[in-house]
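Notes for the one structure printed next.
Chain naming here is simple, since letters A, B, ... match the order of the sequence lines and numbering starts at 1 in each.
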Amino acid sequence: MKKLTREFYCRDVLQVAPDLIGKVLVRNLNGQVLRHRIVEAEAYRGEEDDACHARFGKTNRNSVMYNAGGCAYVYLIYGMYWMFNIVTGPGGDPQAVLIRGVDAYPGPGKLTRALAIDKSFYGEDLVTSGRIWIESCAEQPALLLTPRIGIGYAGEPWKSIAWRYILDPRG
DNA sequence: AGCAAGATCGGT
DNA sequence: CCGATCTTGCTG
């Protein structure tokens, strides 16, 4: 189990997002180390992606998406759930992977609640952080692809593109 | 300065 | 299907 490096995250989001499935999200909660396998993720790719938070350009909320890969993009949705994303790409182009589920906690709002991830993680660097990072696993598991969830506001083709990656339950 | 909508979830 | 709950960013 090796901690993922900067190079892993600095690739295009369409390479990183599927590669994150099966990897282990590690959270050090005041000395208690929680480890969970990532089972669901989605890619958000650039200002031209009509579902991406950067579709209107750089704003205060999404500014961290323009960083080089490896840091966290955390935001509040519906006034009560924190969404945990990982920025990808070489920098300059806003990209991020939304972590939508881990083994014990399916659902993006549930996993942030269980792992105590909140606004204080905005911009946290997963390459150097001592409280959250990701480790590699033995082998790349089989995946299923579907369109992204909860982005009905987006137009075509963005609404229908299969940029949601799920661990294949059949292995 | 005001307001509508949101990358969700849990209970009817 | 609907309400909770509050930040964001668009519009005027």
Q: Could you walk me through whether A/R35 and A/D103 pass the salt bridge (Lys or Arg N to Asp or Glu O under 4.0 Å) test, one step at a time?
A: CA-CA 10 Å; A/R35 314 173 122 266; A/D103 49 20; over 6 Å; no

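In this structure, A/V64 and A/V87 approach most closely via the heavy-atom pair O-CG2, 3.5 Å.
Between the side chain of A/D49 and the backbone N or O of A/G46, no donor-acceptor pair lies under 3.5 Å. Put simply, the side chain of A/E42 never gets that close to the backbone of A/W163: no donor and acceptor are under 3.5 Å apart. A donor-acceptor contact shorter than 3.5 Å links the side chain of A/R148 to the backbone of A/W158. A/T112 places a side-chain N or O within donor-acceptor distance of the main-chain N or O of A/G109, the cut-off being under 3.5 Å.
Atom CG in A/L111 sits roughly 16 Å away from atom P in B/dA7 (whole-Å rounding). Distance A/R61 CZ to B/dA5 C1': 11 Å, rounded to the nearest Å. One atom, CD of A/E42, and another, P of B/dG6, lie 15 Å apart when rounded to the nearest Å. At whole-Å resolution of the value, CE in A/M65 and P in C/dG9 are 12 Å apart. Separating the NZ atom of A/K58 from the C1' atom of C/dC10 is a distance of 20 Å, rounded to the nearest angstrom. In this entry the distance linking NZ of A/K119 with P of C/dT7 reads 10 Å, nearest Å. Counting to the nearest Å, the P atom of C/dT8 and the OH atom of A/Y153 are 16 Å from each other. Distance, A/R55 CZ to C/dT8 C1': 11 Å, rounded to whole Å.
Residue-level contact check: A/R113 touches the backbone only, with heavy atoms under 4.0 Å from sugar-phosphate atoms and none from bases. Using a 4.0 Å heavy-atom distance criterion, A/F56 is classed as a sugar-phosphate-only contact. At the heavy-atom level, A/R148 lies nowhere under 4.0 Å from the strands shown.
Of all nucleotides listed (C/dG9, B/dT8, B/dG10), B/dT8 comes nearest to the side chain of A/I149. Of the candidates C/dT7, B/dT8, B/dC9, B/dC9 carries the atom nearest the A/K110 side chain, counting heavy atoms from C-beta on. Among B/dA7, C/dC10, C/dT8, the nucleotide with an atom closest to any side-chain atom of A/I151 is B/dA7.
For A/R11 and A/Y9, the positive end is not near the middle of the six-membered ring at less than 6.0 Å and at most 45° from its axis. Both tests do not hold together for A/R55 against A/Y44: distance to the six-membered ring centre under 6.0 Å, angle to the ring axis within 45°. A cation-pi geometry, defined here as NZ or CZ lying under 6.0 Å from the six-membered ring centre and within 45° of its normal, does not hold between A/R61 and A/Y73.
Below the 3.5 angstrom threshold, one finds a donor paired with an acceptor across the side chain of A/Y75 and the base of B/dA7.
Contacts of residues 78-108 of chain A with DNA chain C (heavy atom under 4.0 Å): A/Y78, A/G79, A/M80.
Taking the P atoms as reference points, C/dT5 lies 23 Å from B/dG2, given to the whole Å.
In this structure, A/Y105 and A/H36 have perpendicular ring planes: the angle between them is above 60°, well past the 30° mark.
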(Q) In dot-bracket form, 5' to 3', how is DNA chain B paired? Count Watson-Crick and G-U wobble pairs only if both distances fall under 3.5 Å, and write | where the partner sits on another strand. (A) ||||||.||||.

